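Structure, as structure tokens:
These figures come from a predicted structure and were not determined experimentally.
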Amino acid sequence: HLRRDDLTRSLERQSDVIRDGGILCHSFWRGTGEEEINGLRFVYYTERELREIVSPRWEILELDVYREMETADSILLIATPAHVPSTPVE
């Protein structure tokens, strides 16, 4: 439910703390735009958007569409760090 800029920052931080060989696994609502339902934000992504957001720091292993509530409404992302972390992890 992260906005695009928050997702970008989150993925950058995750790439700094996930060790080499580690795996990232996230799911996203598939579509375009944002909406709020009962106080909960829903941010929708396309496969192309996710590739653009994720690829600078991650090697995408899987990017698959699946059914969560309705046919083809969600995207599963599995990735591994594409580089050595830029900041030391304590």
Side-chain angles (χ1 to χ4, degrees):
H1 303 276
L2 295 175
R3 291 190 169 115
R4 283 159 181 76
D5 58 339
D6 293 332
L7 176 61
T8 299
R9 283 193 300 277
S10 177
L11 290 169
E12 287 172 355
R13 180 65 182 133
Q14 290 174 70
S15 74
D16 287 339
V17 299
I18 292 180
R19 297 181 180 176
D20 288 341
I23 298 291
L24 175 82
C25 181
H26 286 296
S27 62
F28 301 90
W29 291 110
R30 184 172 181 242
T32 58
E34 294 184 24
E35 66 181 329
E36 190 171 309
I37 301 172
N38 296 325
L40 185 59
R41 178 186 316 113
F42 289 84
V43 181
Y44 300 90
Y45 294 92
T46 65
E47 296 91 330
R48 181 179 179 180
E49 281 181 296
L50 287 173
R51 280 189 179 89
E52 291 172 2
I53 293 169
V54 171
S55 63
R57 289 181 165 245
W58 296 93
E59 177 186 344
I60 297 173
L61 303 175
E62 296 284 335
L63 191 65
D64 293 321
V65 174
Y66 71 99
R67 176 191 176 116
E68 180 81 24
M69 305 291 283
E70 299 174 4
T71 301
D73 66 349
S74 298
I75 301 171
L76 174 66
L77 166 71
I78 300 175
T80 191
H83 75 291
V84 177
S86 60
T87 57
V89 177
E90 296 181 24

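Rounding to the nearest 0.5 angstrom, the gap separating the CZ atom in Arg3 from the CZ atom in Arg9 is 10.5 Å. If you take CD1 on Ile75 and CG on Leu50, they are separated by 5.0 Å, rounding to the nearest 0.5 Å. Atom-to-atom distance recorded for Glu52:CD and Thr46:OG1 is 7.5 Å, nearest 0.5 angstrom.
Clustering ILVMFWY residues whenever any of their side-chain heavy atoms sit less than 4.5 angstrom apart, transitively, puts Trp29 in a cluster other than the one holding Leu7. Connection of Ile53 to Leu61 is not established within any shared hydrophobic cluster, with ILVMFWY side chains joined at heavy-atom distances below 4.5 Å, either directly or through further cluster members. The hydrophobic cluster containing Leu11 also contains Leu2, counting ILVMFWY residues as joined when their side-chain heavy atoms lie under 4.5 angstrom apart, directly or transitively. No continuous path of hydrophobic side-chain contacts links Tyr44 to Leu63 [ILVMFWY only; heavy atoms under 4.5 Å].
Closest heavy-atom contact between Gly22 and Pro81: O-CD, 3.4 Å. Across every non-hydrogen atom of Gly39 and Glu36, the tightest pair is CA-OE2, 3.4 Å. When every heavy atom of Ile78 is checked against every heavy atom of Cys25, the shortest pair comes out as CG1-SG, 4.2 Å. Between Arg57 and Ser15, the closest heavy-atom pair is NH1-OG, 2.8 Å.
Listed for the Asp73 side chain is a donor-acceptor partner under 3.5 Å among the backbone atoms of Met69. Within the 3.5 Å criterion, the main-chain N or O of Glu34 finds no donor-acceptor partner in the side chain of Arg41. Judged by distance alone, the side chain of Thr80 and the main-chain N or O of Ile23 form no donor-acceptor pair under 3.5 Å. With hydrogens and angles ignored, the 3.5 Å screen pairs no side-chain donor or acceptor of Asp64 with any backbone N or O of Leu76. A donor-acceptor contact shorter than 3.5 Å is absent between the side chain of Trp58 and the backbone of Leu24.
Annotation: Glu68, atom CD; neighbour count of heavy atoms from other residues, nucleotides and ligands within 6.0 Å is above 12.
Applying the side chain to side chain contact (heavy atoms under 4.5 Å, CB included) test between Tyr45 and each of Glu47, Arg48, Glu49 identifies Glu49 as the sole match.
A heavy-atom distance below 4.5 Å is not found between the side chains of Phe28 and Ser74.
Shown here are the side-chain hydrogen bond (donor to acceptor under 3.5 Å, both in side chains) partners of Ser10, two or more places apart in sequence or in another chain: Gln14.
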